[in-house]
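Heads up: the structure comes next, in structure tokens.
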Amino acid sequence: MFGNIILVGFMGSGKSTVGKELSKLLNRKFIDTDEEVEKEEGRSINDIFNTQGEQFFRNIETKTLESLLEKKNYIISTGGGIVLKEYNRQLLKKIGKVIFLHADVNHIVNNVKYDDTRPLLQTEDWIKTISEMLESREDKYLSTADIIIQTSGKNIESIVQEIISLL
Ligand code: S3P
């Protein structure tokens with residue numbers, strides 16, 4: 001038994017895909033904080049941001065995280081901004097082993113370019129937005145992580161195998 005495994009990282013770094021694959025291979029339950037927020041609210045993240053704003057979303061995100069304290073042996077994938085609050089970072093460490101999927105700008109740009117489900121990237125110069133956000137969040141991901149995995153240029157299978165070898 002490894003306890004809970006939590007994937008953190010920027011939007012488009014592969015957290016959900018890697019998480020689902022890990023859950024299959026390790027035969028563990030999977031939970032995604034973004035999906036939990038959407039279930040709780042009965043609407044999409046875009047909708048929540050557009051009608052009630054980011055702060056409202058962040059509050060539900062934190063409540064979702066609090067509810068995960070009671071989970072055992074889950075694979076948990078998180079929203080990219082979960083590390084922004086110090087309180088969330090403490091919760092993450094309590095919930096389980098935190099794995100940071102570290103991707104570079106190109107990798108992220110490729111993964112999100114046809115995707116309009118991320119409200120924070122609906123800007124005129126979204127590539128610039130990504131590189132600025134990445135820079136401002138990097139320290140927070142790093143300080144929360146127990147394990148750092150470089151994902152750029154790797155396929156899902158090798159990322160998953162690398163994680164399993166480190167557990
Ligand atoms: C966000 C990342 C998104 C989602 C929301 C905000 C962020 O999750 O939680 O759009 O602040 O980075 P993904 O990382 O799964 O895209």
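For ligands, and for the atoms within them, numbers begin at 1 and follow the listed sequence. In this text, all values refer to a predicted model and were calculated from it rather than measured experimentally.
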*asked:* Considering non-hydrogen atoms of the protein only, which is the closest contact for atom 8 (O) of ligand 1, and what is the distance?
replied: D34 OD2, 2.7 Å
*Run down the list E54, R137, E35, R118 and name the one with the heavy atom closest to atom 12 (O) of ligand 1.*
R137
*Before giving the answer on side-chain contact (heavy atoms from CB on, under 4.5 Å), spell out for M133 and F10 the whole-Å C-alpha distance, their side-chain angles and the decisive distance to 0.1 Å.*
CA-CA 9 Å; M133 285 175 77; F10 203 76; 3.6 Å; yes
*Within a distance under 4.0 Å of any heavy atom of F57, pick out the atoms of ligand 1 and give their elements.*
9 (O)
*Against heavy atoms of K15, which atoms of ligand 1 measure under 4.0 Å?*
13 (P), 14 (O), 15 (O)
*Quick check: does T117 get an N/O under 3.5 Å from an N/O on ligand 1?*
no
*Side chains of S44 and N46: do they bring a donor and an acceptor to under 3.5 Å?*
no
_Distance filter under 4.0 Å to L120 heavy atoms, resulting ligand 1 atoms_ = 7 (C), 11 (O)
*Would you check if L25 and N27 make a side-chain contact, meaning some heavy-atom pair closer than 4.5 Å?*
no
*So, does D146 use its side chain to make a donor-acceptor pair with the main chain of K97 at under 3.5 Å?*
no
*For the pair N111 (side chain) and G12 (backbone), establish whether a donor and an acceptor sit closer than 3.5 Å, ignoring hydrogens and angles.*
yes
*Distance-only polar pair, side chains of T62 and N59, donor-acceptor under 3.5 Å*: no
_Donor-acceptor under 3.5 Å (T64 side chain, T33 main chain)_ = no
_Counting non-hydrogen protein atoms only, what is the nearest one to atom 10 (O) of ligand 1? Give residue, atom name and distance._
P119 CD, 3.6 Å
*Out of G81, S77, G12, indicate the one that has the non-hydrogen atom closest to atom 1 (C) of ligand 1.*
G81
*Considering only the protein, which heavy-atom contact is closest to atom 6 (C) of ligand 1, and what is its distance?*
R58 NH2, 3.9 Å
